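Note sheet for the following structure.
All values below were derived from every heavy atom in this structure, side-chain atoms included, with hydrogens, water molecules and symmetry-related copies excluded. Everything numeric in this text was worked out from a predicted model, so none of it was measured.
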Amino acid sequence: MPPAQGKYVRYLIIAVVGLTLFFLSRRSIPLPTSTPRPLSDGHLAHSPGQSQNEQSSNEVMRFAATHSGGRANATLVTLARNRDVWEISQAIRQVEDRFNRKFHYNWVFLNDQPFDDTFKRITSSLVSGTALYGEIPPEHWSYPDWIDQDRAREVREEMREKKIIYGHSESYRHMCRYESGFFFRHPLLQEYEYYWRVEPGIELFCDIPYDPFLFMKETNKKYSFVISMLEYPGTIETLWDGVKEFMDDHPEHIAEGNLMTFVSNDNGKTYNNCHFWSNFEIGSLDWLRSKEYMDYFETLDRQGGFFYERWGDAPIHSIAASLLLQKEQIHFWNEIAYYHMPFTHCPAEEQLRKELRCSCDPSGNFDWKPLSCLPRYYRANGIPLPSGVDGYSWLAIFGFVILGAILACLLAVAINPRARAQAFISVRHLYLQSQTFWERYQEEKREWERERLRMKR
């Protein structure tokens with residue numbers, strides 16, 4: 001290769017490497033850790049500049065130390081099918097062993113079909129409270145009158161071809177709509193004020209020696225989560241249009257001091273796709289039954305996005321909580337170590353893990369991974385991030401240096417006609433070289449095949 005051509009090809013290769021390092025390493029950051037702190041009077045010690053994880057833990061653990069009794073009007077609730085019996089059995093054992101064996105809260109099971117005797121027999125033997133079984137009314141698990149079912153079917157096929165997760169599933173859409181706007185209306189839930197959603201197959205890695213329901217009630221929390229992340233953009237393309245319509249029609253429902261900055265980077269013009277992962281949530285049923293939430297859900301439901309796209313209940317709940325509640329009414333459970341395939345939340349603080357007898361590996365914690373929205377939740381609440389989370393790793397810094405050098409080279413090529421022409425020649429030469437290598441590979445592959453056939457004979 002002529003020297004000039006080689007020089008510009010090197011520039012192009014280095015540019016690709018630099019850009020790759022930059023984008024891969026922006027969030028290649030060390031797992032935040034904290035030095036174990038001694039307990040004081042049964043509480044986790046408070047220190048200046050502590051993270052939200054530590055503040056959350058302190059608040060909950062102080063509550064645990066001072067509230068040894070009492071009980072909330074609450075229930076655990078699970079949406080399951082008969083064939084989920086063994087997966088939900090595993091989840092029940094996790095929740096009962098880590099929490100409910102001490103508190104004996106009831107458990108409500110809901111299904112769009114009647115529960116069979118096997119499901120009832122097995123699950124009722126595992127719960128320490130009373131197991132209640134309810135069938136979902138058909139009108140809550142069907143197409144509303146305004147939905148064009150042919151159009152909905154076409155959308156499912158398009159999403160199947162695009163390989164969008166659950167994009168082909170009709171039942172998944174009914175489930176998301178039901179969890180978004182109907183489960184809290186079921187007759188079995190009418191007597192309760194709070195719920196804890198439990199899904200088949202989940203795991204809990206730490207003891208929960210306190211009562212999360214009572215904590216929610218006495219601290220005026222309305223919604224809580226363990227994991228937050230980005231939604232798939234292809235499933236909610238018009239969701240924010242419906243949200244903006246609701247905000248225009250019902251400005252009186254938008255709470256002062258809300259968490260808008262968690263779900264929008266531009267004060268409500270667009271949605272940033274952040275949401276709380278709703279397969280774990282503890283919340284207020286009274287809030288979900290409120291006029292504010294019902295107006296919100298009905299506005300979105302009329303848009304048809306549950307069927308014409310694939311709106312999930314997670315962004316529906318998350319946007320509602322972020323707009324209709326004050327930010328202080330939303331809680332992050334750092335203390336509850338939780339797994340739902342494929343993500344894990346595990347407390348970073350070793351002292352907390354010891355105290356709660358946690359069995360999770362903190363290196364698998366999702367909180368600070370690239371798809372996590374927990375850093376944005378921290379910023380929206382004005383709380384400093386743990387040390388190292390907001391910085392760049394050495395790999396990212398190296399990527400910045402390479403990127404800067406390449407931009408300078410590209411600028412030189414852009415303003416120098418001779419260099420630009422040489423760059424085009426270099427690219428063409430690289431293309432021809434790749435063609436030659438490909439043809440050589442194909443010829444060798446054919447030769448291998450001929451040799452293999454001769455050996456068979």
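From His253, atom NE2 reaches atom CE of Met294 across 11.0 Å, with rounding to the nearest 0.5 Å. To the nearest 0.5 Å, atom CD1 of residue Ile336 and atom SG of residue Cys346 are 13.0 Å apart. Once rounded to the nearest 0.5 Å, the distance linking OH of Tyr223 with CG of Leu259 reads 12.0 Å. Between Lys244 atom NZ and Leu239 atom CG the span is 11.5 Å, to the nearest 0.5 Å. In this structure, CE in Met175 is found 13.5 Å from CD in Glu170, a value given to the nearest 0.5 Å. Taking CG of Asp367 as the start and OG of Ser228 as the end, the distance is 7.5 Å to the nearest 0.5 Å.
Listed for the Asn279 side chain is no donor-acceptor partner under 3.5 Å among the backbone atoms of Val198. Put simply, the side chain of Arg353 never gets that close to the backbone of Ser359: no donor and acceptor are under 3.5 Å apart. Between the Gln190 side chain and the His186 main chain, a donor and an acceptor come within less than 3.5 Å of each other. Under the 3.5 Å distance criterion, the side-chain polar atoms of His317 are matched with a main-chain donor or acceptor of Glu179. In terms of modelled atom types and a separation under 3.5 Å, the side chain of Asn111 and the main chain of Arg81 share no donor-acceptor contact. Under the 3.5 Å distance criterion, the side-chain polar atoms of Ser124 are matched with a main-chain donor or acceptor of Arg121. Remark: the backbone N or O of Tyr166 is not paired with any side-chain donor or acceptor of Ser169 at under 3.5 angstrom.
A donor and an acceptor atom, one from each side chain of Tyr133 and Thr123, are located under 3.5 Å apart. With hydrogens and angles left out, the side-chain atoms of Asp266 and Ser264 include a donor and acceptor closer than 3.5 Å. Side-chain polar atoms of Thr78 and Trp107 form a donor-acceptor pair below 3.5 angstrom. With no hydrogens or angles considered, no side-chain donor-acceptor pair links Tyr293 and Glu298 at under 3.5 Å. At a cut-off of 3.5 Å, with distance as the only test, a side-chain donor of Asp211 or Tyr105 sits close to an acceptor on the other residue. There is no side-chain donor-acceptor pair under 3.5 Å between Glu193 and Ser284. For Tyr271 and Asn265, the side-chain atoms include no donor-acceptor pair closer than 3.5 Å. In this model, a donor atom of one side chain and an acceptor atom of the other lie less than 3.5 Å apart for Asn100 and Ser128.
Among all heavy-atom pairs drawn from Tyr143 and Ala152, the shortest one is CE2-CB, 4.4 Å. Of all non-hydrogen atoms in Pro362 and Pro347, the two that sit nearest each other are CB-O, 4.1 Å. The two residues Met216 and Lys222 come nearest to each other via the heavy atoms CE-C, 3.8 Å. Tyr178 and His140 get closest at one heavy-atom pair: CD1-O, 3.7 Å. Contact between Ile282 and Ser224 at its shortest, heavy atoms only, is O-OG, 2.7 Å. Taking each heavy atom of Asn365 and Trp368 in turn, the nearest pair found is ND2-NE1, 4.1 Å.
Of the residues Tyr377, Phe280, Trp333, the one that meets the ring pair (Phe, Tyr, Trp, His ring centres under 6.0 Å) test with Phe225 is Tyr377. Exactly one residue among Trp311, Phe183, Phe307 makes a ring pair (Phe, Tyr, Trp, His ring centres under 6.0 Å) with His174. That residue is Phe307. Remark: of the listed residues Val60, Asp207, Ile208, Val60 is the sole one forming a side-chain contact (heavy atoms from CB on, under 4.5 Å) with Glu335.
In the displayed structure, Trp146 atom CH2 is contacted under 6.0 Å by more than 12 heavy atoms of other residues, nucleotides or ligands. The 12-atom threshold is not exceeded at CG of Asn267, counting heavy atoms of other residues, nucleotides or ligands nearer than 6.0 Å. With a 6.0 Å radius and a threshold of 12 heavy atoms from other residues, nucleotides or ligands, Lys217 has its NZ atom at or below the threshold. Within 6.0 Å of OH on Tyr308 lie more than 12 heavy atoms contributed by other residues, nucleotides or ligands. Within 6.0 Å of CZ on Arg357 lie no more than 12 heavy atoms contributed by other residues, nucleotides or ligands.
Two rings, from Phe213 and Phe103, have their centers 6.0 Å or more apart.
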Margin query: Evaluate Asp295 against Phe246 for side chain to side chain contact (heavy atoms under 4.5 Å, CB included), listing each step before the verdict.
Written below: CA-CA 8 Å; Asp295 285 346; Phe246 165 75; 4.1 Å; yes
Checklist line | Pair Arg153-Glu157, salt bridge (Lys or Arg N to Asp or Glu O under 4.0 Å): steps then yes or no | finding: CA-CA 6 Å; Arg153 188 178 305 107; Glu157 290 306 313; over 6 Å; no
Next item on the list: Show your working on side chain to side chain contact (heavy atoms under 4.5 Å, CB included) between Thr344 and Asp361 and close with a plain yes or no.
Entry: CA-CA 9 Å; Thr344 299; Asp361 178 358; over 6 Å; no
Check: Asp313 and Ser278: side-chain hydrogen bond (donor to acceptor under 3.5 Å, both in side chains), yes or no, with the steps?
Finding: CA-CA 7 Å; Asp313 53 281; Ser278 60; 2.5 Å; yes
Next item on the list: Determine, stepwise, if the pair Tyr192 / Asn106 fulfils side-chain hydrogen bond (donor to acceptor under 3.5 Å, both in side chains).
Entry: CA-CA 10 Å; Tyr192 298 107; Asn106 291 348; 3.1 Å; yes
Margin query: Go through it in stages, so that I can follow the logic: the residues are Phe182 and Phe297, the test is ring pair (Phe, Tyr, Trp, His ring centres under 6.0 Å), and I'd like the CA-CA distance, side-chain angles, deciding distance and then a yes or no.
Written below: CA-CA 10 Å; Phe182 295 99; Phe297 171 74; 5.5 Å; yes
Next item on the list: Apply the test disulfide bond (SG atoms under 2.5 Å apart) to residues Cys360 and Cys206: give CA-CA distance (whole Å), side-chain angles for both, the deciding distance (0.1 Å), then the verdict.
Entry: CA-CA 8 Å; Cys360 56; Cys206 297; 4.7 Å; no
Margin query: Please determine whether side chain to side chain contact (heavy atoms under 4.5 Å, CB included) holds for the pair Phe205 and Leu356, giving the CA-CA distance in whole Å, both sets of side-chain angles, and the decisive distance to 0.1 Å.
Written below: CA-CA 9 Å; Phe205 297 112; Leu356 298 179; over 6 Å; no
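Residues passing the disulfide (SG to SG under 2.5 Å) test with Cys274 are Cys373, sequence neighbours excluded. Scored by the ring-ring contact (aromatic ring centres under 6.0 Å, His included) test, Tyr339 finds no partners at all (sequence neighbours excluded).
Ring pair His340/Trp277 is perpendicular by interplanar angle, where above 60° counts as perpendicular and below 30° as parallel. Between His331 and Phe215, the ring planes lie tilted relative to each other; the angle falls in the 30° to 60° range.
Glu158 and Lys162 are not joined by a salt bridge, as no carboxylate oxygen comes within less than 4.0 angstrom of a charged side-chain nitrogen. Using a cut-off of 4.0 Å between Lys/Arg side-chain N and Asp/Glu carboxylate O, Lys120 and Asp117 are scored as not salt-bridged. Of the charged side-chain nitrogens involved, at least one lies within less than 4.0 Å of a carboxylate oxygen, so that Arg197 and Glu281 count as a salt-bridged pair.
When side chains are defined from C-beta on, Thr238 counts as touching Glu309, because their heavy atoms get closer than 4.5 Å. Put simply, the side chain of His275 does not reach to within 4.5 Å of the side chain of Ile319, judged on heavy atoms.
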